[in-house]
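In what follows, a structure is listed as structure tokens, so that the remarks can point back to it.
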Amino acid sequence: MGETIIPLADLRYSALVPPIPEQLTPPTGLLADRLGRPLHDLRISVTDRCNFRCSYCMPKEVFDRDHAFLPQASLLSFEEITRLARVFVAHGVRKLRLTGGEPLLRKGLETLIAMLAELRTPDGQPLDLTLTTNGSLLARKARALADAGLKRVTVSLDALDDTIFRRMNDVDFPVADVLRGIDAAQAAGLGPIKLNMVVKRGTNDHQIVPMARHFRGSGLVLRFIEYMDVGASNGWRMDEVLPSADVLQLLQAEWPLVPLDPTVEGETAERWAYADGGGEIGVISSVTQAFCRDCNRARLSTEGKLFLCLFASRGHDLRALLRGGRSDEEISAAIGPVWAARDDRYSELRGAAQVPAAERRIEMHYIGG
Ligand code: SAM
Ligand code: SF4
Ligand code: SF4
């Protein structure tokens, strides 16, 4: 099969079908990309739909009633996702994160989790299986997710103040329901729970200290994320980014912090501990301090495109291989060269102002965070 560019107007659908090498050996094996980065994490988007309209991700004006979400038939089935995940595990993936859109909107997600929880590394170990959610459905679903084999959850929470929270999700969703979801996740043993707070200067930066105060000592790890220029619809402006250094300064003024070592290579968050034993926080400085050097994450979109970077403008169409009757060995052999050719490092280049704006196309809700 040759390299094909599918000429559809919407860039979401633009993809290369990875060619199958003639020589299928070795069909699996650990990979390193052109910058020497291994493949370790696979983020799987299970839906492009969401019940929130966070302005930094799916602004209401763009994702309105007329927006065409993917039809059911283009979504990867649970069997297709599991099949691909198995191939990726053979190539070194040890962590699977389900995301979206809002992953808990995908019908029967527990079934997928149970299927993924069965997968084993070549030396027989279970995978690190986790999920990122806006928390809106967690109170109802946490127990079933844990029973299905989910290990942990990351919950996105941008404010404690109900007015600000409702404004940020832009669907008038109350913060109390997300807090109940977090409690339910804790009770179901889906920990250690991480909380993601995207900080937008002038919108929720005055929630940084109240959020830290609320979650100090709870065992939950609050992470402050710099607002990123993903996609083409959030109207991103640098002056709305609050650098992590400023976040740390605000926190240090209240509680002294000490730096912690990374727990795993390729970790996105820089970890800090409250010096008084109040637990841990993290900062994710995707804009001001790029961490492409250790980026070991691949992303599988809802319709089965493999993206090598959050800012990639085109994916590799693995669904075409799945639905084209290709064997696991063939798909595995096709993925190897794709990762080996990877040289993406958008955030580093953005810092050096080397990226043309037109390249920034794929939306976060489509590719997953
Ligand atoms: N709907 C789920 C949620 O919100 O957790 C999962 C998908 S969401 C795209 C994944 C993560 O991306 C969330 O933590 C969200 O806050 C983050 N995110 C979305 N747009 C962002 C942006 N422009 N900058 C930084 N983080 C962003
Ligand atoms: Fe939905 Fe998550 Fe995007 Fe917010 S960040 S709009 S919750 S997908
Ligand atoms: Fe990884 Fe791309 Fe983000 Fe760099 S910009 S850390 S390569 S996803």
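Atoms within each ligand, like the ligands themselves, are counted from 1 in listed order.
Using a heavy-atom distance under 4.0 Å as the criterion, the protein contacts of ligand 2 are Cys50, Phe52, Cys54, Tyr56, Cys57, Met58, Gly101, Asn134.
For the pair Tyr56 and ligand 1, the shortest N or O to N or O distance falls below 3.5 Å. Looking at Tyr227 next to ligand 1, no N or O pair under 3.5 Å apart turns up. Considering backbone and side-chain N/O of Cys57, none are found under 3.5 Å from N/O of ligand 1. Of the polar atoms of Gly101, at least one N or O is found under 3.5 Å from an N or O of ligand 1, judged by distance alone. The shortest N or O to N or O distance between Asp158 and ligand 1 is not below 3.5 Å.
In this comparison of Ser136, Ser286, Ser156, the heavy atom closest to atom 15 (C) of ligand 1 sits on Ser156. One option in Arg97, Met58, Glu102 has a heavy atom closer to atom 2 (C) of ligand 1 than any other, and that option is Glu102.
When each of Leu105, Val178, Asn51 is paired with Asn134, the side chain to side chain contact (heavy atoms under 4.5 Å, CB included) condition holds for Asn51 and for no other.
The OG atom of Ser55 sits 7.0 Å away from atom CG of Asp170, with the distance rounded to the nearest 0.5 Å.
Of all the atoms in ligand 1, the ones that sit under 4.0 Å from a non-hydrogen atom of Thr99 are 6 (C), 7 (C). Set against the non-hydrogen atoms of Arg299, the atoms of ligand 3 under 4.0 Å away are 8 (S).
Residue-and-atom listing of protein N/O/S atoms under 2.8 Å from atom 1 (Fe) of ligand 3, sorted by chain and number: Cys295 SG.
Residue contacts with ligand 1, taken as heavy atom pairs separated by less than 4.0 Å, involve Asn196 solely via side-chain atoms from C-beta onward. Contacts between Thr133 and ligand 1 below 4.0 angstrom, taking non-hydrogen atoms only, involve the backbone exclusively.
Looking at residues two or more places apart in sequence or on another chain, you find a side chain to side chain donor-acceptor pair (under 3.5 Å) between Asp33 and Arg37, Arg342. Not counting sequence neighbours, the partners of Thr133 by the side chain to side chain donor-acceptor pair (under 3.5 Å) test are Glu102.
Side-chain contact between Leu251 and Phe224 is present, with at least one heavy-atom pair separated by less than 4.5 Å.
No more than 12 heavy atoms of other residues, nucleotides or ligands shown are found within 6.0 angstrom of CD on Gln289.
Because its NZ or CZ atom is not both nearer than 6.0 Å to the ring centre of Tyr227 and within 45° of the ring axis, Arg201 does not count as a cation-pi partner of that residue.
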Please assess Phe88 against Leu39 for the test side chain to side chain contact (heavy atoms under 4.5 Å, CB included), listing each intermediate value before the final yes or no. CA-CA 8 Å; Phe88 275 98; Leu39 172 56; 3.8 Å; yes
